[in-house]
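Here the structure comes first, spelled out in structure tokens, and everything after it is commentary.
Numbering of ligands and ligand atoms starts at 1, following listing order. In what follows, residues are counted from 1 in the order of the sequence shown.
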Amino acid sequence: MTISTTLTQPIALFGGTFDPIHKGHIQTALEIQRAYQLAEVRFIPCWQPVHRPLPFATPEQRLAMLACAIQNMPTFTIEECEIQRHGPSYTIETLELLRQKLPQTPLCFILGLDAWRGFAEWHRYEDILRLAHLIIAMRPSYSLPQSGKTKELLQQYQTQDVSALHVSLGGSIVVHALSERDISATAIRKQIAEGKNPGDLLPNGVYDYIVKQQLYRE
Ligand code: ATP
């Protein structure tokens, strides 16, 4: 863990496919930003996820939906480096790039519990923990793994002390229990394919974009 006294306010990084971005993502970002006093939330849409099937929408369409969703939120931004890099989106490469650009800013990488379950298979996961903190967003109805490498990582790095995110560049894990109802992109895509309107689960403008682009019809 690198400790420094000249750090700026931490920022959150929220990576994912965002296929499409939905209110669960936005609510999570807002809740975590407030709870840990984070200066900004940077959404990082991937080009091609490493551990899951290809998204249905193109990177450009997913980016457009993200931009639409956060347009009135000045502390929410988009980092396009994974889209520009093309190919498989390795989080460690993104973090190395951001660490170069922001040498004095603690980086707090948000990931949902489903993503955390596979974290020990991520490319150079130990380096990820060296470069950033992790905030595990516990979605309602999920529970932490009780065995395996991720359990060991939690025993080693988990802290209840929120100030840890402000006084070092990385190296701590915080588990955050979300208060929101569970929303999933998979369920939203399924509703659209069935001809239903899941507009209330999507940020303003995103459903209109999906309809115009004829996305997720099958
Ligand atoms: P899918 O249903 O296709 O798996 P997803 O929304 O879970 O979609 P991503 O868009 O890749 O998948 O999610 C980005 C990140 O947001 C992941 O870390 C995921 O765990 C987390 N996440 C997804 N939905 C929610 C939610 N409702 N609340 C909190 N975090 C979420």
Side-chain angles (χ1 to χ4, degrees), residues 12-36 38 41-70 76 78-80 82-83 88-92 94-95 107-123 125 128-129 132-145 150 153 173-194 196 198 200-203 206-207 209-210 215-216 218:
L13 307 174
F14 199 178
T17 51
F18 303 117
D19 185 27
I21 178 132
H22 54 65
K23 284 187 180 168
H25 297 129
I26 298 289
Q27 201 43 47
T28 297
L30 282 170
E31 196 175 311
I32 286 179
Q33 182 181 29
R34 275 191 210 122
Y36 304 102
L38 308 174
V41 179
R42 268 188 213 196
F43 290 83
I44 312 180
C46 65
W47 171 266
Q48 183 182 320
V50 179
H51 295 289
R52 40 183 296 177
L54 282 181
F56 292 82
T58 65
E60 293 74 19
Q61 288 170 324
R62 291 182 289 114
L63 196 55
M65 290 188 279
L66 250 177
C68 176
I70 66 165
F76 282 11
I78 301 176
E79 169 59 63
E80 292 186 30
E82 293 190 359
I83 300 276
S89 301
Y90 290 105
T91 298
I92 185 64
T94 303
L95 290 178
L107 303 172
C108 303
F109 192 86
I110 301 173
L111 73 179
L113 192 60
D114 50 330
W116 166 249
R117 285 176 193 282
F119 182 74
E121 276 94 61
W122 286 23
H123 184 48
Y125 68 90
I128 293 179
L129 263 167
H133 302 293
L134 296 185
I135 300 180
I136 303 174
M138 287 268 290
R139 293 158 71 171
S141 74
Y142 285 80
S143 56
L144 282 170
T150 45
L153 288 173
I173 303 180
V174 168
V175 177
H176 180 88
L178 293 168
S179 59
E180 41 113 359
R181 64 185 165 148
D182 202 15
I183 300 175
S184 100
T186 305
I188 290 173
R189 291 193 302 270
K190 186 163 175 282
Q191 286 192 34
I192 295 170
E194 290 168 350
K196 297 178 187 150
D200 63 326
L201 305 178
L202 296 165
V206 172
Y207 184 63
Y209 181 88
I210 289 172
L215 275 168
Y216 313 125
E218 43 190 278

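- No part of Ile21 comes within 4.0 Å of ligand 1, judged by heavy-atom distances.
- Checked by distance only, ligand 1 and Ala137 stay at 3.5 Å or farther apart across all their nitrogen or oxygen atoms.
- By the 6.0 Å contact criterion, CZ on Phe56 is open, its count of non-hydrogen atoms from other residues, nucleotides or ligands being 12 or less.
- In this structure, CD1 in Ile135 is found 10.0 Å from CG in Leu111, a value given to the nearest 0.5 Å.
- A donor-acceptor pair under 3.5 Å is formed between the side chain of Arg62 and the backbone N or O of Trp47.
- Considering each of Thr28, Asp114, Ile110, Ile32, the one bringing a non-hydrogen atom nearest atom 29 (C) of ligand 1 is Thr28.
- Of all atoms in ligand 1, numbered sequentially from 1 with element shown, those under 4.0 Å from a heavy atom of Phe14 are 15 (C), 16 (O).
- Contact analysis leaves Cys46 out of contact with ligand 1, as no non-hydrogen atom separation drops below 4.0 angstrom.
- Here's the thing with Gly16: none of its N/O atoms is less than 3.5 angstrom from an N/O atom of ligand 1.
- Close approach to Arg189 involves these atoms of ligand 1, each under 4.0 Å from a residue heavy atom: 3 (O).
- Here the shortest heavy-atom distance to atom 10 (O) of ligand 1, taken over Phe18, Trp116, Phe109, Phe56, belongs to Phe18.
- Of all the heavy atoms of Gln27, none lies under 4.0 Å from any atom of ligand 1, so neither backbone nor side chain is involved.
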